[in-house]
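Let me begin by presenting the structure, written as structure tokens, before commenting on it.
Just so you know, these numbers use all the heavy atoms, side chains as well, and skip hydrogens, waters and symmetry mates. Indexing begins at 1, ligand by ligand and atom by atom, following the structure's order.
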Amino acid sequence: MKELEDRIRRDGTVKPGDVLKVDAFLNHQCDVTLFDHMGAEWARIFAGKKIDKILTIEASGIGIACIAAQHFGNVPVVFAKKTQSINLDGDQYTARVYSYTKQKEFPVIVSKRFLTEGEHVLLIDDFLANGKAMHGLIDICKEAGVVIEGIGIAIEKGFQRGGKELREAGYDVASLAIVKAMDGEKGTVEFA
Ligand code: 5GP
């Protein structure tokens, strides 16, 4: 998606540890017009698929997913919550996710009330790097018995393994911008 690539080139910065900072428009300050165009693009890509619900992960996925939902007939958006502790009374699905940016593992939960067996779900997130966050959401979907129709990603770092692994596993992954390489010193970002 050229508009997103241009925006990354203009307002993104490359940080140490292969981190792309896009907080000026994606995950701190939010450009809702850009989000709207991203939602339209996912709707075009996933046209013809039955989507009952969008599942994302807090915090950065929420805004993107909510705007995208407007392009999928205003389906509900559920976000997995990051939590310190897991309650064991069985009313929630849980998975453990290793955070790329925070470099620690944490549990994520979704209430069983908000995912129903047989529902068709689209997964959305802001970044795909090593795929840990997505695998956490997939684990929750498997436990809930929902059908994963596709995975919509804003920015995939194509030089990390997450996207390749998910596609090899058969998931329909639509990344709107795929970063092939980035150079922190020159401040350049190259797209696939
Ligand atoms: P993964 O789980 O695929 O390794 O990493 C995806 C998650 O880590 C995303 O939810 C995102 O919040 C965060 N993340 C990974 N790489 C980057 C990055 O380069 N920049 C930013 N801002 N977040 C990232």
Side-chain angles (χ1 to χ4, degrees), residues 1 4-31 34-35 38-39 42 54-68 77-83 93-110 121-142 148 150-192:
M1 183 182 168
L4 180 59
E5 292 182 359
D6 288 346
R7 195 61 184 274
I8 294 166
R9 278 201 195 93
R10 199 183 83 190
D11 292 332
T13 48
V14 183
K15 296 282 166 195
D18 281 334
V19 171
L20 178 62
K21 199 167 178 197
V22 286
D23 61 353
F25 58 96
L26 195 75
N27 52 20
H28 191 19
Q29 174 168 259
C30 301
D31 182 334
L34 175 65
F35 286 15
M38 288 161 48
W42 282 316
I54 294 176
L55 177 65
T56 186
I57 182 162
E58 72 174 354
S60 312
I62 299 172
I64 300 166
C66 286
I67 302 269
V77 173
V78 178
F79 63 90
K81 293 187 171 202
K82 296 172 181 170
T83 170
Y93 302 112
T94 61
R96 298 194 72 82
V97 171
Y98 181 82
S99 165
Y100 181 81
T101 42
K102 300 200 172 64
Q103 306 221 329
K104 64 171 190 185
E105 200 185 60
F106 55 89
V108 293
I109 58 135
V110 173
V121 172
L122 174 65
L123 305 182
I124 281 189
D125 203 8
D126 60 340
F127 269 92
L128 177 60
N130 291 314
K132 304 288 185 192
M134 249 330 123
H135 279 289
L137 294 183
I138 290 169
D139 288 347
I140 283 174
C141 286
K142 284 184 177 161
I148 299 172
I151 298 176
I153 299 292
I155 305 172
E156 175 179 338
K157 293 193 289 183
F159 53 88
Q160 289 174 290
R161 65 177 195 278
K164 185 169 180 283
E165 283 178 2
L166 289 170
R167 290 184 185 94
E168 280 174 3
Y171 293 102
D172 186 1
V173 182
S175 301
L176 302 184
I178 301 182
V179 176
K180 195 167 71 177
M182 6 191 247
D183 186 321
E185 292 197 347
K186 292 190 196 129
T188 51
V189 181
E190 254 183 82
F191 295 98

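Atom 8 (O) of ligand 1 has Y100 CB, 4.0 Å as its closest protein atom, hydrogens excluded (heavy atom only). Of all protein heavy atoms, the one closest to atom 5 (O) of ligand 1 is A129 CB, 3.6 Å. From the protein, the heavy atom lying nearest to atom 12 (O) of ligand 1 is D126 OD1, 3.6 Å. Nearest protein heavy-atom neighbour of atom 4 (O) of ligand 1: N130 N, 2.8 Å.
Between M134 and L166, the closest side-chain pair of non-hydrogen atoms falls below 4.5 Å.
Nearest heavy-atom pair, F106 versus S99, reported as atom, atom and distance to 0.1 Å: CE2-CB, 3.2 Å. For the residue pair E156 and G163, the shortest heavy atom distance occurs at OE2-CA, 3.5 Å.
Close contacts between ligand 1 and K132 involve ligand atoms 1 (P), 2 (O), 3 (O), 4 (O) [criterion: under 4.0 Å to a heavy atom]. For ligand 1, the atoms closer than 4.0 angstrom to any heavy atom of D18 are 19 (O). With ligand atoms numbered from 1 in the order given, ligand 1 contributes 18 (C), 19 (O), 20 (N) to contacts under 4.0 Å with heavy atoms of V19.
Between the W42 side chain and the A68 main chain, no donor and acceptor come within less than 3.5 Å of each other. Between the side chain of K157 and the backbone N or O of D18, at least one donor-acceptor pair lies under 3.5 Å. At least one donor-acceptor pair under 3.5 Å links the side chain of T56 to the backbone N or O of I124. A donor-acceptor contact shorter than 3.5 Å links the side chain of Q29 to the backbone of A24.
Ligand 1 has a nitrogen or oxygen under 3.5 angstrom from a nitrogen or oxygen of A133. Ligand 1 has no nitrogen or oxygen under 3.5 angstrom from a nitrogen or oxygen of M134. For ligand 1, none of its N or O atoms has an N or O atom of K21 under 3.5 Å away. For a threshold of 3.5 Å applied to N or O pairs, the pair formed by D125 and ligand 1 contains at least one separation below that value. At under 3.5 Å, a nitrogen or oxygen of K157, whether backbone or side chain, sits near a nitrogen or oxygen of ligand 1. An N or O contact shorter than 3.5 Å links L20 to ligand 1 by distance. Distances between N or O atoms of F127 and those of ligand 1 include no value under 3.5 Å.
When the options G12, G131, G162 are ranked by their closest heavy atom to atom 3 (O) of ligand 1, first place goes to G131.
At most 12 non-hydrogen atoms from other residues, nucleotides or ligands lie less than 6.0 angstrom from NZ of K132.
From L20, atom CG reaches atom NZ of K15 across 10.5 Å, with rounding to the nearest 0.5 Å. For the atom pair CD1 (I57) and CD1 (I62), the distance works out to 10.0 Å, reported to the nearest 0.5 Å.
For the ligand labelled ligand 1, residue V22 lies outside the 4.0 Å heavy-atom shell.
Here N27 has side-chain heavy atoms under 4.0 Å from ligand 1, and that is the only part of it that gets that close.
Between K180 and E190, at least one side-chain nitrogen of the basic residue sits less than 4.0 Å from a carboxylate oxygen of the acidic one, meeting the salt-bridge criterion.
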